[in-house]
Amino acid sequence: MSTLAALIRRDVRIALRVGGGALIGVLFFLTVTVLMPFAVGPDLALLSRLGPAILWLGALLASLLTLDRLFTADHEDGSLDLIVMSRTPLELACAAKALAHWLAAGLPLIIATPALGLLLNLDGAATFAVALTLLAGTPALTFTGMIGAALAVTMHRGGLLLAVLVLPLSIPVLIFGVAASQAAISGPLSFGTPFSILCALSLISFVIGPFAAAASLRHGLD
């Protein structure tokens with residue numbers, strides 16, 4: 001466990017430093033949210049209806065933007081080979097790296113949501129609902145995206161492959177995240193049903209993601 005904790009601390013420090021990639025995702029999320037009211041226009045009612053979808057879409061794209069850094073830096077400096085050959089199971093190492101990525105790149109998006117909700121004419125209850133669904137759903141984006149990152153790390157032009165692989169897998173998370181947010185704000189659907197499915201998607205990705213990513217890394221590095 002000390003090895004996994006050290007790996008998490010190392011990845012978080014690397015991601016938060018200048019050029020680490022975490023700040024790029026936050027700035028992209030901020031840019032998308034700030035520019036969208038100018039594109040939609042002065043209709044505040046329309047803006048509030050689209051607010052949850054805008055925040056979720058921005059979070060999805062920001063997460064995808066930083067996923068290529070999950071294994072690339074370790075592969076370039078050779079530390080990925082050491083992680084694969086270490087005594088720590090590769091599945092646990094992959095889960096630790098995904099958790100560190102979420103802490104550095106996903107959690108700041110959730111923290112920024114209340115401030116950005118004001119720009120989209122969302123009240124306090126609506127903003128809290130969107131932040132809660134992001135808290136439940138963004139781990140699924142990270143652990144699902146980890147599979148694509150592991151497949152793309154050993155390939156040239158892997159960024160395009162990463163987008164092609166991860167986007168279809170992220171669509172269910174986007175659908176139920178927006179559905180849960182809209183249900184909490186305006187109904188008529190119950191909030192519990194889509195939110196429960198969203199939590200289930202995160203739990204499923206937490207179980208499947210590390211094993212699939214570890215298998216991809218073993219195959220790609222052999």
Side-chain angles (χ1 to χ4, degrees), residues 8 11 22 25-26 28-29 32-33 50-71 91-113 116-117 126-152 161-217:
I8 292 173
D11 281 13
V26 176
F28 181 84
F29 183 52
V32 170
T33 308
L50 296 178
I54 293 171
L55 290 171
W56 257 99
L57 188 59
L60 170 61
L61 296 177
S63 176
L64 182 63
L65 187 65
T66 57
L67 277 175
D68 63 329
R69 303 292 300 173
L70 194 55
F71 296 110
E91 291 80 6
L92 291 179
C94 289
K97 289 184 69 64
L99 177 60
H101 178 273
W102 182 81
L103 290 174
L107 191 58
L109 304 182
I110 301 170
I111 296 174
T113 298
L116 297 178
T127 303
F128 176 77
V130 176
L132 184 61
T133 57
L134 287 174
L135 180 63
T138 47
L141 299 179
T142 299
F143 280 87
T144 302
M146 177 176 58
I147 303 174
L151 288 171
L161 176 63
L162 178 62
V164 171
L165 291 174
V166 174
L167 274 178
L169 299 176
S170 302
I171 289 177
V173 181
L174 177 66
I175 291 174
F176 289 105
V178 175
S181 301
Q182 294 286 7
I185 296 171
S186 59
L189 296 176
S190 171
F191 172 76
T193 301
F195 185 74
S196 298
I197 296 175
L198 187 64
C199 294
L201 290 174
S202 291
L203 291 176
I204 292 172
S205 66
F206 182 75
V207 173
I208 297 177
F211 288 94
S216 301
L217 289 175

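Not measured: the values here are computed from a predicted model.
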Using ring pair (Phe, Tyr, Trp, His ring centres under 6.0 Å) as the criterion, list what pairs up with F28, not counting sequence neighbours.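 Scan of F28 (ring pair (Phe, Tyr, Trp, His ring centres under 6.0 Å), adjacent residues dropped) gives none.
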
Could you pull out all residues at least two apart from F143 that satisfy ring pair (Phe, Tyr, Trp, His ring centres under 6.0 Å)?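 Listed in chain order: F206.
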
So, for [X] and [Y], which heavy atoms are closest and what is the spacing to 0.1 Å?
X    : Y    : answer
V26  : L109 : CA-CD2, 3.9 Å
V178 : A53  : CG2-CA, 4.0 Å
L67  : G145 : CD1-CA, 3.5 Å
A184 : F191 : CB-CD1, 3.5 Å
P194 : S190 : CD-O, 3.0 Å
L217 : C94  : CD1-SG, 3.8 Å

Measure the [atom1]-[atom2] distance between [X] and [Y] for me, rounded to the nearest 0.5 Å.
X    : Y    : atom1 : atom2 : answer
L57  : T33  : CG    : OG1   : 9.5 Å
L116 : I111 : CG    : CD1   : 12.0 Å
I208 : L203 : CD1   : CG    : 11.0 Å
H101 : D11  : NE2   : CG    : 10.0 Å
Q182 : L50  : CD    : CG    : 8.0 Å
L167 : L174 : CG    : CG    : 10.0 Å

Could I get the full list of side-chain contact (heavy atoms from CB on, under 4.5 Å) partners for I8, not counting sequence neighbours?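 Listed in chain order: V12, A96, L99, A100, L103.
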
Report the residues that fulfil side-chain contact (heavy atoms from CB on, under 4.5 Å) with T113, sequence neighbours left out, ordered by chain and then residue number.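 T113 satisfies side-chain contact (heavy atoms from CB on, under 4.5 Å) with F29, L55, T127, V130, A131, L134 once adjacent residues are dropped.
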
Start with the C-alpha gap between L64 and S170, add the side-chain angles, then the distance that decides, and say whether side chain to side chain contact (heavy atoms under 4.5 Å, CB included) holds. CA-CA 10 Å; L64 182 63; S170 302; over 6 Å; no

Not counting sequence neighbours, which residues clear side chain to side chain donor-acceptor pair (under 3.5 Å) with T138? List them please.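 For T138 the side chain to side chain donor-acceptor pair (under 3.5 Å) partners, ignoring immediate neighbours, are W102.
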
Using side chain to side chain donor-acceptor pair (under 3.5 Å) as the criterion, list what pairs up with S181, not counting sequence neighbours.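 Result, side chain to side chain donor-acceptor pair (under 3.5 Å) vs S181: T133.
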
If only atom types and distance count, is the side chain of T66 paired as donor or acceptor with the main-chain N or O of S63 below 3.5 Å?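 Looks like yes, one N/O pair under 3.5 Å.
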
